[in-house]
Each structure stands twice: as C-alpha cells, then as structure tokens.
There are 2 protein chains.
Amino acid sequence: MTVKGRRQEYVEATRAALLDSALELFTEKGFAQTSLDEVAAAARLTKGALYHHFAGKQALFEQVLATVNDRIAQTVVEAGAEVDEPWARLTRGLDAFLDACLDREYQRICLRQAPAVLGWERCRELEAGMMGLLDAMLRELAVAGRSRLQPSPLLTRVLFRMLSEAAMAIGEAEDPKAARVEVGVLVEELLHSVHGGNAGSLTSR
Amino acid sequence: MTVKGRRQEYVEATRAALLDSALELFTEKGFAQTSLDEVAAAARLTKGALYHHFAGKQALFEQVLATVNDRIAQTVVEAGAEVDEPWARLTRGLDAFLDACLDREYQRICLRQAPAVLGWERCRELEAGMMGLLDAMLRELAVAGRSRLQPSPLLTRVLFRMLSEAAMAIGEAEDPKAARVEVGVLVEELLHSVHGGNAGSLTSR
DNA sequence: TTGGCCAGATACTCTGAGTATGGAATATCC
DNA sequence: GGATATTCCATACTCAGAGTATCTGGCCAA
C-alpha cells in the first residue's frame, strides 16, 4: 500500500468526473436521451476517455446504479442496526427505505430506469443486496414466531416489488412528503395484517 | 356503412400483417433488438408501408401491446362474470390472470418490455383497464364488509404491481406450471390475510 | 379520359454507439 | 539513463437504424 501518486489521483478524478456527469445526466434526461458525447463533454473529456474507463453505455449505467444503490442500502442497514427486536428492525428499515425514496436520484436511476436499461434479470442481480436485507428481516420475524406466512424467496420478491411500486408512487406524487406518509401508513397496515396479525403494537414482545 | 371494398380489405390486411410481424419479433427478440426493416420485411413489405400505418416504432409497439393486453383483460372479465359473490369473483379473476401469465406474449410484451419501451407513466395509462378491474373487485369486497383495509388507489396500485411481479416469476421459472401453482397459493394466502382474515373458506358468505 | 388521391416503395439524411488509431506522459526494464 | 512498454485520453472514423422526402402505380370520382 504505497501512497497514491499524482498520476493515479488524476486518473481516479477523471473516472469520478465521468460517473458524476453520468449520474447527473441520466437522472435529469434519462438514459436513452443522453449521449455519451454529452456525458464526456460535461466532464470536460471526450468519448475516448469514457471508453477507456467503461466498457460501454450500459456498463457506465451499471456503475452509476451501483453507487446510488449502495448508498441507500447503507442507510437501511444502519437504520436496522439501531435496534434488536425483529419487528422494530423491519419497520425501521422500511422507514429508512421509504425516506430514501424521496431522493430524486434513487427514484430515477434505481427505480425507474434500471429495469429498462439493464433488463429485469440483470436488475434483480444488482438488487440482490437489498432483497437480501428484506429477506433476512422477514426470516428473523419468522424465527421469532411473528409471522403468519412462512418466508420464501417468492414472498420476499413479491413484497420487494410491492415496496418498489410504493416507492415510485412517492416519487411521482405532486406532494412527495404527503405521499410518503400515506405510503408509510399503508405499508405498515399491510405488513401488519400479513405478518403481525397477532400483535396490536409494534413494540410488543 | 357500405360494404368494404377490395382495396380496403388489402389495406387492413397489410396493417394486420405488420402488427403480426411486430408481435412475433418483439416477443422473440425484444423491442430494441428488432429493426423496423426486419418487421417490414417479415411482413413482405417495406419501411414505407410501416410508416404509412404507424407514427413510429413506439406507436407500433403500443398497438401490439394493446392487442395483447385487451386479449388478457377479456379473459379476466369473462372469468369474473361467471360468479356473483365478490370474493369468488376476485379469486376467479386472479386465477384467470395468473393462467394468462403462462402466455409467452403477455409475459414478454406486457410485463417485461412495456415499462422499458413506453416508460412507467404511459404504461400505467395503458394498464388502467386492468387496474380498473382489480380496483372494482376490491371495492366490491369492501362493500361486502369483507376487507380489513379500505380500498384506495394506492392499495390497488401496489397490489397490482405485486401481481405483475408474481406473474413475471411464473414466466421466468424453469417450470412455469409449477411456479404457477406456487404463486397461486401465495397470492391466495396473501389476499386472505390482507382481506379475508375473518373467513376460513373462500366460498363462505 | 383525366386529374387527384392513397398505399406503398425507394432513396435519402442524421444521430449516436462503438472502433481504430494516434500521441503524449508516465512507468518499467536493462 | 536511454530504450521500450504501458497507461490515459483525444481525434477521426465506421456503421446500424430511426425517421424523412419523394416518387409511382393503381383506384375512384367527376
């Protein structure tokens, strides 16, 4: 681990600049509507640099996606780690997730465009981390004997997509804050009837 | 309303031929991977004819989509119309829907590609018919006092997307028939805990 | 018959992703 | 420390394919 030389710093800076421009443009104009020349120009570079660092347009998008995705996953994990009780962890995580949905970049990049650009299967591969989080929480709940339905990959998957849709609804609403609240209530009710039907309070043992 | 002349018959035939080729190619190769020249050639025509009948590639796709969508909606409506009791109508409709998901064209065109090609908002506009069906059934259920949650556009939307995801899961499975069964069970359980928690039997009054 | 019109064909433009190549700076080797 | 390889990025190109402009042959109405 030698200290980074000037050269390497420059290289990383151009790469980061490309990712930044791409994130900005993909978010604002959409993947199909932004050309690679634009991305490069916005970073004061040329397509040559871009193709040096990334395999192609899709690969560039994937990197951008991963960045945003990781950021959100991080906050969800942190929110969940604050508590121990399974149900509380789940609701905390969901809250953090829904809050993240107010983030324009997450909305546009991860929710709206990712499936269109990469296709559903590839997209699901990249979503595996998030799905894993949800799956783990549901299993915890099951172990604690707090769920009617036993967890299964299919259940997790279906619930995850439901959350994504709820998330998109938040982003599309004219008043996202209000929508956030409405969605929060609905999701809690849903989870409650699906999993916690036996408990009236979220904090019950 | 005069009888159709030869000429008009020919015109309708070429239009239909274009739609057929497009359906075939979009289904098999995907929207982005099929060129309009291919579509035209497959119908033994040229791009000129295609642009004469359709405003562009997206418009062509929309027509194809509408065709498939209407076909499925039709079967769902018919299945629901066979019974009167709200809960039975819902389960019948869902069964018909999930069966339809075994259809390759519905899978590829409506579920997989539509959002990518047209964008989510336009896609939802075209899904309005289907959503309306689900919404009506849920309201019926609520009127009959058979649901814990009161119906709302958001609830309908979220449940609808959940069904779409379940539908995609069916289509992707190595054994769609088996997946169909698994999904059927899960969906029934879910709806049961969300809406019919008070009833043990699907046919109870 | 004749002029207009419509379905469809032909030939074009133009954008943008991807490629080939060049060249300057830096790293590596002897 | 000079020669050589390698890295990073720029310039100049190809090529596919969506969309457009224009043409033509047949049908219908007057």
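In the text below, chain A, chain B and the rest are named by the order of the sequence lines, each starting its count at 1. Basis for what follows: all heavy atoms, side chains included, without hydrogens, waters or symmetry-related copies.
Nearest to the side-chain atoms of B:Tyr51 among the listed nucleotides D:dT11, D:dA18, C:dT19 stands D:dA18. Nearest to the side chain of A:Val11, among D:dG19, C:dG18, D:dC8, sits D:dC8. Taking the side chain of A:Ala49 as heavy atoms from C-beta on, and the options C:dG8, D:dC9, C:dG16, the nearest nucleotide is D:dC9.
The separation between A:Leu36 atom CG and D:dC9 atom C1' is 15 Å, rounded to whole Å. C:dG8 atom C1' lies 15 Å from atom CZ of B:Arg15, rounded to whole Å. One interatomic measurement links the two molecules: CG of B:Leu50 to P of D:dG19, which rounds to 10 Å at whole-angstrom precision. Per the geometry, CG belonging to B:Leu18 stands 12 Å off C1' belonging to C:dA7, to the nearest Å. Atom CD of A:Gln8 and atom P of D:dC9 are 12 Å apart (whole Å). When rounded to the nearest whole Å, the span between NZ of A:Lys47 and P of C:dG16 equals 10 Å. When the P atom of C:dG8 is taken as reference, atom CG of B:Asp37 falls 17 Å away, rounded to whole Å. Distance, B:Arg44 CZ to C:dG8 P: 12 Å, rounded to whole Å.
Between the side chains of A:Gln58 and A:Glu62, no donor N or O sits under 3.5 Å from an acceptor N or O.
Between A:Phe26 and A:Phe31, the ring planes are tilted. Angles from 30° to 60° get that label. Note on ring orientation: taking the six-membered ring where Trp is involved, the planes of B:Tyr106 and B:Phe97 are perpendicular (angle over 60°, cut-offs 30° and 60°).
Taking the side chain as every heavy atom from C-beta outward, B:Gln107 and B:Cys101 approach each other to under 4.5 Å.
A:Ser35 has no side-chain polar atom (N or O) that falls below the 4.0 Å cut-off from OP1 or OP2 of C:dT15. For A:His53, a side-chain nitrogen or oxygen approaches OP1 or OP2 of D:dC9 to under 4.0 Å. Contact annotation: A:His52 does not reach the phosphate of D:dC9 (side-chain N/O to OP1 or OP2, under 4.0 Å).
Side-chain atoms of A:Arg89 come within 3.5 Å of backbone atoms of A:Val83 as a donor-acceptor pair (strictly under, hydrogens ignored).
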